[in-house]
Participant: 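Before anything else, here's the structure in question.
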Number of protein chains: 2
Amino acid sequence: MWHDNGPVPTKKKPPVTAAPARRRELLDTAAEVFAEQGYNATTVRKIADHAGMLAGSLYYHFDSKESMLEEILRTFLDELWGGYDTVLDAEFGPRETLEALVTESFREIDRHRAAVAIYQKESKQLVAQERFAFLAESQRKFEKAWLSTLERGVAAKVFRADLDVRLTYRFVRDTVWVAASWYRPGGQHSAEEIARQYLSMVLDGIAVRT
Amino acid sequence: MWHDNGPVPTKKKPPVTAAPARRRELLDTAAEVFAEQGYNATTVRKIADHAGMLAGSLYYHFDSKESMLEEILRTFLDELWGGYDTVLDAEFGPRETLEALVTESFREIDRHRAAVAIYQKESKQLVAQERFAFLAESQRKFEKAWLSTLERGVAAKVFRADLDVRLTYRFVRDTVWVAASWYRPGGQHSAEEIARQYLSMVLDGIAVRT
DNA sequence: TAACCTACCAAACACTTGTTAGGGAAGGAC
DNA sequence: GTCCTTCCCTAACAAGTGTTTGGTAGGTTA
């Protein structure tokens with residue numbers, strides 16, 4: 001039987017609340033390795049190598065490999081929804097909303113390339129675990145935002161009436177996020193340029209108008 | 001020192017040449033598990049479970065987990081290029097070629113859903129291994145076929161002149177293959193229907209023409 | 001009947017995995 | 001000086017990994 005003896009010094013003290021700079025550094029390198037090799041194929045020893053330390057030392061900062069993954073994804077989604085909510089709250093017209101969402105997405109890829117790649121590759125298997133239930137919630141919000149934008153556009157006659165909005169949603173969603181697998185910040189195209197090209201394709205098509 | 005004693009009966013005789021039906025069955029279930037859980041997260045014991053046997057028994061049919069993966073991908077790519085080459089050899093106009101390639105791709109997803117999902121998820125990390133060099137070759141052929149089709153279209157003024165063909169190629173490629181992650185044969189839409197919707201979006205855009 | 005082949009099982013192998021426990025060096029606070 | 005905190009190392013652990021070896025039930029062939 002246990003008695004509640006107040007804040008017992010149970011073990012070490014992993015700094016959970018105020019995130020030190022070192023913690024961020026380690027998460028960044030971990031995200032890089034996860035994105036490059038895949039989560040399951042990444043061993044904690046590889047992460048430690050890239051960080052210039054030994055495997056066990058990681059457990060001073062984090063209490064499991066999985067919790068590193070969770071924190072990486074949580075941080076990314078928090079910032080993503082910061083940007084998205086700003087767009088959605090502005091209550092633009094459907095076309096402008098779509099343009100802003102796409103542009104914002106490519107900006108997030110620019111800022112969180114590794115996290116997006118991980119999200120895109122692993123989220124499908126992760127949502128099954130209750131620990132990663134926040135992924136499912138994010139996906140629902142995401143779907144709702146996009147579907148309602150497309151439907152508003154069809155209703156306002158700015159998008160074509162014969163559109164299958166669910167299919168269109170899937171196409172747009174996938175194309176946008178999968179870009180994280182080939183996008184390199186500082187490459188030929190900026191995030192805004194890619195967004196412009198993509199929007200021009202999706203909105204007006206690649207065929208010459210006759 | 002060894003002497004060459006001719007065709008020595010080295011070990012058992014794994015049936016490499018003529019593929020028995022059982023082999024195909026096992027590869028199909030393996031592909032299913034690989035696609036669902038990811039290659040690295042899939043243990044040979046899980047594959048054996050799904051096949052109703054024990055892990056060691058798999059090694060009567062195959063000589064490694066990796067060789068199962070290789071055979072799955074090889075079989076898929078062989079059939080894929082069967083379809084693609086037929087389209088390319090027909091020498092349609094650029095727009096018709098693009099339509100045929102997209103349609104053929106969705107048909108392949110319909111037939112090899114699991115293999116496509118694996119290919120899409122793992123190929124990037126696999127091409128580094130020399131064993132999977134055939135993936136790189138396939139990617140080169142793939143890129144060449146698409147780029148030349150797009151360029152032909154721009155030259156013939158059936159595709160817009162301000163198109164960034166490399167970006168367009170990436171968008172189309174990704175959207176098509178990533179569909180394997182949500183497509184379910186026997187679902188609401190047939191492969192041809194999805195192809196039609198997708199082509200309508202890419203060619204003519206989703207915006208209403210003004 | 002005897003020999004053989006096919007397709008599997010049972011049990012182990014060497015190795016890698018994520019994780020933990022204890023210790024210690026460096027540096028600031030008192 | 002001593003104490004304490006931060007950050008890392010050394011060394012090991014148990015569980016899980018892909019793979020191998022030897023055996024065997026059942027059918028086919030000679």
Side-chain angles (χ1 to χ4, degrees), chain A residues 7-31 33-34 37-72 118 122 125-126 129 131-132, chain B residues 7-31 33-34 37-72 118 122 125-126 129 131-132:
Chain A
V8 176
T10 43
K11 303 178 83 183
K12 300 267 182 68
K13 187 176 48 175
V16 219
T17 48
R22 184 66 175 142
R23 194 183 177 80
R24 265 285 170 82
E25 269 181 49
L26 292 175
L27 281 180
D28 281 351
T29 67
V33 186
F34 283 157
Q37 326 225 6
Y39 174 72
N40 283 293
T42 301
T43 72
V44 291
R45 283 166 180 82
K46 279 186 199 167
I47 302 177
D49 272 1
H50 280 251
M53 53 197 268
L54 289 185
S57 309
L58 284 172
Y59 288 79
Y60 171 74
H61 299 276
F62 311 96
D63 44 61
S64 74
K65 179 189 173 189
E66 215 179 45
S67 77
M68 302 181 70
L69 177 62
E70 183 184 345
E71 193 165 339
I72 290 171
I118 298 169
E122 320 280 353
Q125 304 152 43
L126 291 176
Q129 300 172 241
R131 170 168 205 170
F132 292 93
Chain B
V8 176
T10 44
K11 303 177 84 181
K12 301 263 181 68
K13 185 176 52 177
V16 221
T17 49
R22 184 65 176 141
R23 194 184 177 81
R24 264 284 170 84
E25 268 182 49
L26 292 174
L27 281 179
D28 280 350
T29 67
V33 187
F34 283 155
Q37 327 225 5
Y39 173 72
N40 284 292
T42 301
T43 72
V44 291
R45 283 167 180 80
K46 280 187 200 164
I47 302 176
D49 272 1
H50 280 251
M53 53 198 268
L54 291 184
S57 309
L58 284 173
Y59 288 79
Y60 170 75
H61 300 276
F62 311 96
D63 44 61
S64 74
K65 180 189 173 190
E66 217 179 44
S67 77
M68 301 180 72
L69 177 63
E70 182 185 344
E71 192 165 339
I72 290 169
I118 299 169
E122 320 280 354
Q125 304 152 43
L126 291 177
Q129 303 172 239
R131 170 169 205 167
F132 292 93

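The chains referred to below are lettered A, B, ... by the order of the sequence lines, with proteins before strands, and numbering in each begins at 1. Just so we're clear, the structure is a prediction, and the values are computed from it rather than from any experiment.
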Participant: With sequence neighbours excluded, give me every side-chain hydrogen bond (donor to acceptor under 3.5 Å, both in side chains) pair touching residues 39-57 of chain A.
Facilitator: Q37(A)-K46(A)
Participant: Tell me the interatomic distance from Y59(A), atom OH, to dA11(D), atom C1', rounded to whole angstroms.
Facilitator: 15 Å
Participant: Calculate the interatomic distance between E66(A) atom CD and dG18(C) atom P; express it in whole Å.
Facilitator: 12 Å
Participant: Sequence neighbours excluded, which residues qualify as side chain to side chain contact (heavy atoms under 4.5 Å, CB included) partners of R22(A)?
Facilitator: E25(A), L26(A), M53(A), H61(A)
Participant: Determine the minimum heavy-atom distance between I118(A) and A31(A), stating which atoms define it.
Facilitator: CD1-O, 3.5 Å
Participant: Once side chain to side chain contact (heavy atoms under 4.5 Å, CB included) is applied, do any residues pair with R131(A), and if so which ones, sequence neighbours excluded?
Facilitator: S64(A), E66(A), S67(A), E70(A)
Participant: Quickly work out the R23(A) CZ to dT6(D) P distance and round it to whole Å.
Facilitator: 13 Å
Participant: With a 4.0 Å cutoff (strictly under), does any side-chain N or O of Y60(A) reach OP1 or OP2 of dC7(D)?
Facilitator: yes
Participant: If we fit an axis to the first five pairs and another to the last five of the helix from dT1(C)-dA30(D) to dC30(C)-dG1(D), what angle do they make, to the nearest 10°?
Facilitator: 10°
Participant: Measuring to OP1 and OP2 of dC8(C), would you say a side-chain N or O of R22(B) lies under 4.0 angstrom away?
Facilitator: yes
Participant: In whole angstrom, give the distance that lies between atom CE of M53(B) and atom C1' of dT6(C).
Facilitator: 12 Å
Participant: So, is H61(A) near the phosphate of dT6(D), with a side-chain N or O under 4.0 Å from OP1 or OP2?
Facilitator: no
Participant: Check the phosphate of dA7(C) against S57(B), side-chain N and O only, distance under 4.0 Å to OP1 or OP2. Yes or no?
Facilitator: no
Participant: Go through the structure and list residues passing side chain to side chain contact (heavy atoms under 4.5 Å, CB included) with A30(A), not counting sequence neighbours.
Facilitator: F34(A), I47(A), M68(A), I72(A)
Participant: Side chain of L54(A) only, please: which of dT19(C), dT19(D), dT10(D) is the nearest?
Facilitator: dT10(D)
Participant: Mind calculating the distance between CG (L58(B)) and P (dT17(D)) to the nearest angstrom?
Facilitator: 14 Å
Participant: Whole angstroms only, please: what is the CG-C1' distance between L26(A) and dC8(D)?
Facilitator: 11 Å
Participant: How long is the line joining CG of D63(A) and P of dT20(C), in whole Å?
Facilitator: 8 Å
Participant: Nearest 0.5 Å, please: how far is CG in L27(A) from CG in L69(A)?
Facilitator: 10.5 Å
Participant: Is there a residue in residues 37-47 of chain B whose heavy atoms reach under 4.0 Å of DNA chain C, and which residues are they?
Facilitator: R45(B)
Participant: Which heavy-atom pair separates K65(A) from Y59(A) by the least distance, and what is that distance?
Facilitator: N-OH, 4.2 Å
